[in-house]
Amino acid sequence: MAETKNEVVVEVVGEKPAKKSPAKSTTVKKAPAKTAAAKKEAVTEVAATEAAAEKPVAAKPAKKAAKAKAPLYINGRYVVEKQLPVKPVKGAKPYAVAKKQIKVTLIKSTAGCLKNQQATVKALGLTKIRSTNVLPDNDAIRGMIFKVKHLVAVEEVK
């Protein structure tokens with residue numbers, strides 16, 4: 001029975017070299033260990049080699065300042081870039097409960113209205129004509145009211 005040789009490849013992790021060259025790697029050849037003690041020794045030797053090869057990584061540099069963009073011209077015409085709205089920070093509550101409240105009353109029927117308007121009226125908690133609901137005064141509720149402003153009456157609650 002012929003003996004086989006085990007190869008362990010360890011890559012050096014650290015800063016990038018100044019010159020563009022292939023990544024450094026070292027090959028350590030080990031003969032097969034026959035006893036349990038020899039196996040443990042081989043494992044600790046490989047771990048020590050890997051630990052020695054790893055260098056502490058330097059802290060990431062701060063983000064570069066945004067460069068002023070040159071105007072965009074397409075076919076000789078100036079094109080204005082659309083600025084996207086700022087998204088709220090994760091964990092922020094954009095529709096936090098306000099101190100003020102508003103009273104919404106359904107004054108017209110939703111029969112014959114669009115499906116999304118009927119769903120909005122239902123989401124406002126209004127079921128029948130002259131039914132009322134007191135809701136917090138925030139942007140979400142204001143947007144819903146705007147969608148069905150021809151069907152409801154709004155009052156501020158003191």
Side-chain angles (χ1 to χ4, degrees), residues 6-28 40 43-158:
N6 294 336
E7 289 187 52
V8 178
V9 178
V10 179
E11 292 188 62
V12 178
V13 179
E15 297 179 21
K16 294 181 181 178
K19 297 178 185 177
K20 292 194 175 188
S21 62
K24 296 180 184 179
S25 64
T26 58
T27 305
V28 180
K40 287 181 183 176
V43 171
T44 55
E45 202 172 297
V46 171
T49 308
E50 289 177 358
E54 292 182 12
K55 294 180 181 177
V57 180
K60 293 182 181 180
K63 291 184 179 180
K64 296 179 181 177
K67 295 180 181 179
K69 294 183 180 180
L72 179 64
Y73 288 95
I74 297 176
N75 294 332
R77 294 184 179 181
Y78 177 71
V79 178
V80 179
E81 289 186 35
K82 181 181 177 185
Q83 290 186 349
L84 298 174
V86 179
K87 292 184 178 179
V89 180
K90 186 174 183 179
K93 297 179 181 177
Y95 304 119
V97 177
K99 293 179 183 176
K100 293 184 180 180
Q101 291 187 330
I102 51 177
K103 181 179 178 182
V104 184
T105 306
L106 186 64
I107 56 171
K108 285 192 174 183
S109 173
T110 58
C113 290
L114 299 172
K115 294 284 183 185
N116 63 354
Q117 291 174 339
Q118 291 175 0
T120 303
V121 168
K122 189 175 181 180
L124 286 170
L126 307 173
T127 54
K128 299 178 179 180
I129 295 176
R130 289 187 298 278
S131 64
T132 62
N133 197 4
V134 178
L135 301 165
D137 187 8
N138 60 36
D139 294 340
I141 301 296
R142 290 278 179 176
M144 293 168 72
I145 291 170
F146 181 78
K147 201 169 195 179
V148 292
K149 62 186 173 196
H150 58 287
L151 302 174
V152 297
V154 182
E155 304 172 19
E156 281 190 26
V157 176
K158 294 184 180 181

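- Remark: Asp137 CG to Lys103 NZ distance equals 15.5 Å, nearest 0.5 Å.
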Solution key, residues 150-158 side-chain donor-acceptor pairs under 3.5 Å, sequence neighbours excluded:
none

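- Residues Leu106 and Lys128 approach most closely at CD2-O, 3.5 Å, considering heavy atoms.
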Sequence neighbours left out, cut at 3.5 Å: what donor-acceptor pairs do the side chains of residues 114-127 make with other protein atoms?
from: Gln117; atom 1: OE1; to: Leu114; atom 2: N; distance (Å): 3.4
from: Gln118; atom 1: NE2; to: Thr110; atom 2: O; distance (Å): 3.0
from: Gln118; atom 1: NE2; to: Cys113; atom 2: O; distance (Å): 3.4
from: Thr120; atom 1: OG1; to: Asn116; atom 2: O; distance (Å): 2.7

